[in-house]
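Let me begin by presenting the structure, written as structure tokens, before commenting on it.
Labels below follow one simple rule: chain letters A, B, ... track the order of the sequence lines, proteins then strands, and each chain is numbered from 1.
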Amino acid sequence: MLTRRISLSSLVFLAVFVLQESLFNQVRLPLGGFSLYLIFTLSWAALSTPELGAAIGFGAGALLDLSPTSDGPIGQWMLVLIIVGFAIAFLRYGDDSLRGNPLSLVFLVAAAMVVTLTIYLCVGAILGLELGTSFELAKTVLGNGLWTLAVAPFVLPIVSRLHRMIFDSKENL
Amino acid sequence: MRYGGDNRSRLLLVTLIVTSLFLITLDLRGVSVMSGARNAAQTVLAPIERVASSAFSPVGNFFSDISHLGRTRSKIKSLEDENALLRNQIIANQNLASQVEQLKSVLDLAGTAGFKVINAKVISQGSSASFTQTILIDAGSNMNLKRDMTVICGQGLVGVVKAVYPDSSLVMLVSDPAFKVGVRIAGTQQIGILSGQGTNTAVLQLLDSQSSVKSGDVLLARGSQGDRPFVPGVPVGEVSILLESSSAVSQIAEVKLFADLNSLGVVAVVTKAPAADPRDALVPARHMPIPVPTVTVFVTPSPSPSK
């Protein structure tokens with residue numbers, strides 16, 4: 001049962017990853033655009049338990065680190081997504097008012113996106129990578145958050161349906 | 001239901017985080033297994049990206065048009081009346097035509113300079129969630145591309161090859177915050193360093209505090225030893241605004257880059273530079289310094305002033 005769940009989820013993530021790499025990276029949207037893959041990962045983690053959230057962050061981060069367009073060393077996205085995956089699952093698991101309310105989940109995912117990119121930048125700064133001007137960075141981070149707010153309502157129902165199909169749990173929107 | 005977090009989950013979390021820190025350390029120390037993994041992933045992804053690019057680039061262009069809505073609104077209005085099939089055809093044709101146009105201009109530039117180039121199509125515009133400015137092109141080590149080769153387009157410098165995969169290469173754009181190139185001003189030959197800013201403008205820092213620069217001055221790449229990463233003479237941009245700063249040791253100016261990095265379709269990678277530096281031959285035509293004619297008026301006072 002566990003192997004089936006893990007392999008099915010990996011397939012789903014792989015599909016979204018390929019979609020992101022081949023289609024969504026071609027589009028230059030104003031304010032930096034959004035990453036479907038990150039939205040997908042964050043909402044998937046939000047529907048899980050904290051341990052599972054961290055494990056999802058680990059797997060999703062490993063895949064994202066393999067992307068030729070990621071700039072940091074291998075392991076940077078992994079680290080960031082483990083922390084955020086755990087945190088978002090923890091927050092949603094602990095708070096009853098957040099569960100079962102789709103709108104608050106949208107805001108949670110958007111906020112998590114801003115936090116994810118900020119942590120990514122901080123880790124990059126600690127590792128001594130060259131970053132842009134603070135205005136450009138802030139624009140990209142906040143732009144991504146706004147795009148996530150706009151896109152997440154369309155992505156979340158699909159994520160929740162897929163998640164239910166694979167895990168057959170009572171978690172839903 | 002409140003989540004407590006027992007020892008088991010804490011152990012899992014710590015294990016995962018330590019694993020990722022371990023990987024970061026390995027990669028930063030340059031262990032080749034790590035870069036090999038990324039290489040393999042790119043080899044798998046490149047064909048898919050290429051197919052998606054050919055099917056999707058008209059749509060991608062459409063989205064980049066949306067971000068300049070003011071400019072394209074009239075064009076969109078005139079197209080509105082035509083039916084969907086025709087519109088699709090026009091977009092596809094325009095896409096091809098612009099690629100041909102870009103290819104022609106980049107070959108013109110390379111021909112003038114005597115560069116040996118390999119043409120490549122842009123297959124991906126970099127990652128939307130990352131903070132570096134990169135593009136992916138469809139030529140790689142199979143076409144004998146190597147790291148640190150100069151990449152140009154019809155207008156001028158685009159960037160430098162940062163990583164080479166079998167069928168594709170990652171190009172770091174001039175606008176990347178980590179990008180630095182030595183430049184000289186066409187005409188006066190003063191030298192300086194140009195750094196990317198993440199936008200379509202870059203910052204020029206002159207090396208000599210005595211030298212002066214004015215807006216409209218054209219900057220050319222200065223060339224590196226062995227022509228890598230930069231071949232000499234490639235136009236980079238023109239000075240737009242002088243930034244006055246009394247505290248700075250040398251003069252600083254803002255530079256508008258020649259290449260439009262948001263609408264790159266076809267680029268060329270310089271594989272071999274000519275033996276002789278092309279000097280100022282590549283300065284765009286409208287920027288050629290025009291000699292100012294000196295007018296001398298001779299007036300001879302008349303010997304007998306009229307009364």
Side-chain angles (χ1 to χ4, degrees), chain A residues 18 20-30 32-35 37-38 49-51 54-55 57-58 61-80 82-83 86 89-90 93-94 96 116-117 120-121 123-124 127 129-133 136-137 140 144 147, chain B residues 1-3 5 8-9 12-13 16-17 19-28 34-35 37-42 45-46 48-53 56-57 59-60 63-64 66-67 123-134 136 163 165 168 170 176-178 196-199 262-263:
Chain A
V18 170
Q20 168 74 39
E21 285 293 312
S22 54
L23 281 188
F24 287 86
N25 277 355
Q26 315 251 353
V27 185
R28 278 265 157 108
L29 293 168
F34 61 94
S35 165
Y37 183 71
L38 282 182
T49 59
E51 302 100 85
F58 178 81
L63 204 54
L64 193 53
D65 275 324
L66 286 181
S67 161
T69 49
S70 3
D71 32 327
I74 286 186
Q76 192 180 355
W77 273 116
M78 202 188 260
L79 176 65
V80 174
I82 290 170
I83 296 169
F86 181 84
F90 186 82
Y93 215 74
D96 283 332
T116 307
L117 295 177
Y120 182 81
L121 279 181
V123 174
L127 294 176
L129 306 178
E130 294 241 21
L131 307 167
T133 58
E136 281 298 313
L137 295 181
T140 313
N144 249 296
W147 271 109
Chain B
M1 187 165 73
R2 187 149 279 278
Y3 177 75
R8 202 166 135 257
S9 77
L12 176 76
L13 191 65
L16 293 181
I17 289 180
T19 312
S20 68
L21 288 175
F22 183 68
L23 284 175
I24 293 179
T25 318
L26 276 184
D27 197 33
L28 283 181
M34 295 291 117
S35 60
R38 206 172 263 181
N39 219 325
Q42 179 50 25
L45 273 176
I48 307 174
E49 276 176 348
R50 192 160 320 160
V51 171
S53 163
F56 203 68
S57 73
V59 187
F63 274 104
S64 79
I66 282 187
S67 49
I123 55 175
S124 172
Q125 300 269 19
S127 168
S128 46
S130 89
F131 296 91
T132 54
Q133 312 258 323
T134 53
L136 209 61
Y165 308 109
S168 58
L170 190 68
D176 189 279
Q197 295 291 304
T199 58
N262 283 321
S263 61

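Contacts of B/Thr25 classified as side-chain hydrogen bond (donor to acceptor under 3.5 Å, both in side chains), with partners at least two apart in sequence or in another chain: none.
Only the side chain of B/Tyr165 comes within less than 4.5 Å of a heavy atom in chain A; its backbone stays farther off. Heavy atoms of B/Ile123 lying under 4.5 Å from chain A belong exclusively to its backbone. Interface remark: B/Leu170 contributes side-chain atoms only to the contact with chain A (heavy atom separation under 4.5 Å). Contacts of A/Ile83 with chain B are made by side-chain atoms alone, with heavy-atom separations under 4.5 Å and no backbone atom involved. Only the side chain of B/Leu12 comes within contact range of chain A, with at least one heavy atom under 4.5 Å from a heavy atom of that chain. For a residue to count as touching a neighbouring chain, one of its non-hydrogen atoms must lie under 4.5 Å from one of that chain's; by this rule B/Ala163 does not touch chain A. Within the 4.5 angstrom heavy-atom criterion, only side-chain atoms of B/Leu45, from C-beta onward, approach chain A.
Of all heavy-atom pairs between B/Gln197 and A/Glu136, the closest is O-CG, 4.0 Å. Nearest heavy-atom pair across B/Ile24 and A/Pro73 is CG2-CG, 4.0 Å. Here the closest non-hydrogen pair linking B/Ser20 and A/Gly75 is CB-O, 3.8 Å.
With rounding to the nearest 0.5 Å, the separation of OG1 in B/Thr19 from CE in A/Met78 is 7.5 Å.
Most heavy-atom pairs under 4.5 Å with chain A, from the set B/Asp27, B/Leu26, B/Leu23: that is B/Asp27.
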